[in-house]
Amino acid sequence: MAMPLSSATAVEITTQGRAQLTLLPAANEYQLPDGNKPLSQTRYRLLTKLQTSLDLNTILSLFHEESSALVDYCGLVYVNETMNLQLSVGDVELHSCSYRLITQRDNLGEIVLYHQARFSEPDLDTIETLLSTLLCPLRNALQYRAAIDASTTDALTGAGNRLAMMADLDHELNLARRYQHDLSVLVIDIDRFKKINDTEGHATGDTVLKEMVRLITKVNRNTDRVYRYGGEEFVVLLSKTDKYGALVIAERLREAVAGLRVCADTGSLSITISIGASTFTDSDTTEGLLKRADKAMYEIKNKGGNGSAFKPGDQGNV
Ligand SMILES: Nc1nc2c(ncn2[C@@H]2O[C@H](COP(=O)(O)OP(=O)(O)OP(=O)(O)O)[C@@H](O)[C@H]2O)c(=O)[nH]1
């Protein structure tokens with residue numbers, strides 16, 4: 001729900017030579033530095049534009065577009081550490097002014113504006129006024145993003161959920177088919193996980209699941225995505241990766257997990273995983289690709305676990 005502008009206009013300012021908390025009334029007639037046009041008109045136009053989107057990138061681009069017509073600056077960087085976001089528009093230059101965007105209810109992150117020369121005092125005044133107009137649309141976009149994230153994320157581990165996995169896999173399959181690049185998946189299952197739950201308790205089981213995802217994410221490249229497929233089963237999506245690459249990554253993950261120690265009541269726990277890999281062929285469907293990796297994983301399970309295997313497709317593909 002959008003907060004009325006008047007209660008969302010606190011901008012905490014930390015900038016060169018200026019450090020203050022400014023409260024900007026919503027409807028005042030601010031004057032532009034040149035005194036020609038009421039700034040409130042510009043704010044109104046800016047707000048109207050910003051309200052056309054809930055997409056964070058679009059909102060920041062619109063803000064940059066409108067505000068840089070009034071104040072000479074080159075680019076901006078928006079950072080929200082809580083949501084692990086860093087977005088930029090335009091260029092980063094030597095001089096900057098930074099603002100922490102805080103409303104009465106929320107910390108909306110920090111924005112840094114860049115320019116080749118020092119910002120003048122009138123420019124900073126205008127920027128601060130325009131920033132107060134950004135607050136509501138920015139908060140709405142962050143809430144929208146948080147809702148989207150929540151609907152595609154596994155609450156326990158932070159990995160993508162099954163819904164996200166199917167959507168991403170479909171998308172990647174289409175790309176791989178169109179551009180003829182490789183695509184592999186890994187299906188990962190924790191060995192004898194039920195025993196961990198039974199002997200150490202569900203809370204320790206949960207810790208193992210979280211640690212697993214943390215480790216898989218750390219070992220993988222940024223572009224490889226991790227999903228929770230089922231209870232103790234995970235899928236890693238490896239874009240532009242062939243059979244050999246997939247098996248190298250699988251072994252790297254297996255070794256990393258085998259070296260992991262999780263604290264439990266009875267001491268330190270070690271865990272092992274079984275991994276199945278498959279690589280996309282032209283005739284593949286999402287389900288077919290996953291099914292082969294799953295079969296390969298079960299072959300390892302049947303041999304006692306703690307290993308990795310590859311299952312070729314119809315064409316005996318790599
Ligand atoms: N702690 C915890 N346990 C879960 C969660 N989801 C599923 N499980 C448990 O995961 C266990 C899976 O057991 P099985 O399917 O028998 O698998 P396993 O013991 O790993 O046996 P293998 O796969 O053959 O090595 C069950 O005990 C489930 O209750 C969860 O979110 N948290």
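Hydrogens, waters and symmetry mates play no part in the numbers below; they use all other heavy atoms, side chains included. Both ligands and their constituent atoms are indexed starting at 1 by order of listing. Along the sequence shown, residues are numbered consecutively beginning with 1.
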ask   = Taking only residues two or more places apart in sequence or in another chain, which ones pass salt bridge (charged side-chain N to carboxylate O under 4.0 Å, His left out) with Glu299?
value = Lys311

remark   = CG of Leu186 to CE of Met297, rounded to nearest 0.5 Å, is 11.5 Å

task = Just do the salt bridge (charged side-chain N to carboxylate O under 4.0 Å, His left out) check on Asp198 and Lys194 with the steps written out, would you?
result = CA-CA 6 Å; Asp198 292 348; Lys194 186 172 181 310; 3.0 Å; yes

task = Could you label the plane-to-plane angle of the Tyr179 and His181 rings as parallel, tilted or perpendicular, counting under 30° as parallel and over 60° as perpendicular?
result = parallel

query = For ligand 1, what is the set of protein residues having any non-hydrogen atom at a distance below 4.0 Å?
reply = Leu156, Asp189, Ile190, Asp191, Arg192, Phe193, Lys194, Asn197, His202, Gly205, Asp206, Leu209, Arg228, Gly231, Glu232, Lys301

query = Can you check side-chain contact (heavy atoms from CB on, under 4.5 Å) on Asp191 and Ile271, steps first, answer last?
reply = CA-CA 7 Å; Asp191 299 326; Ile271 49 175; over 6 Å; no

query = Do His64 and Tyr73 have ring centroids that are under 6.0 Å from one another?
reply = yes

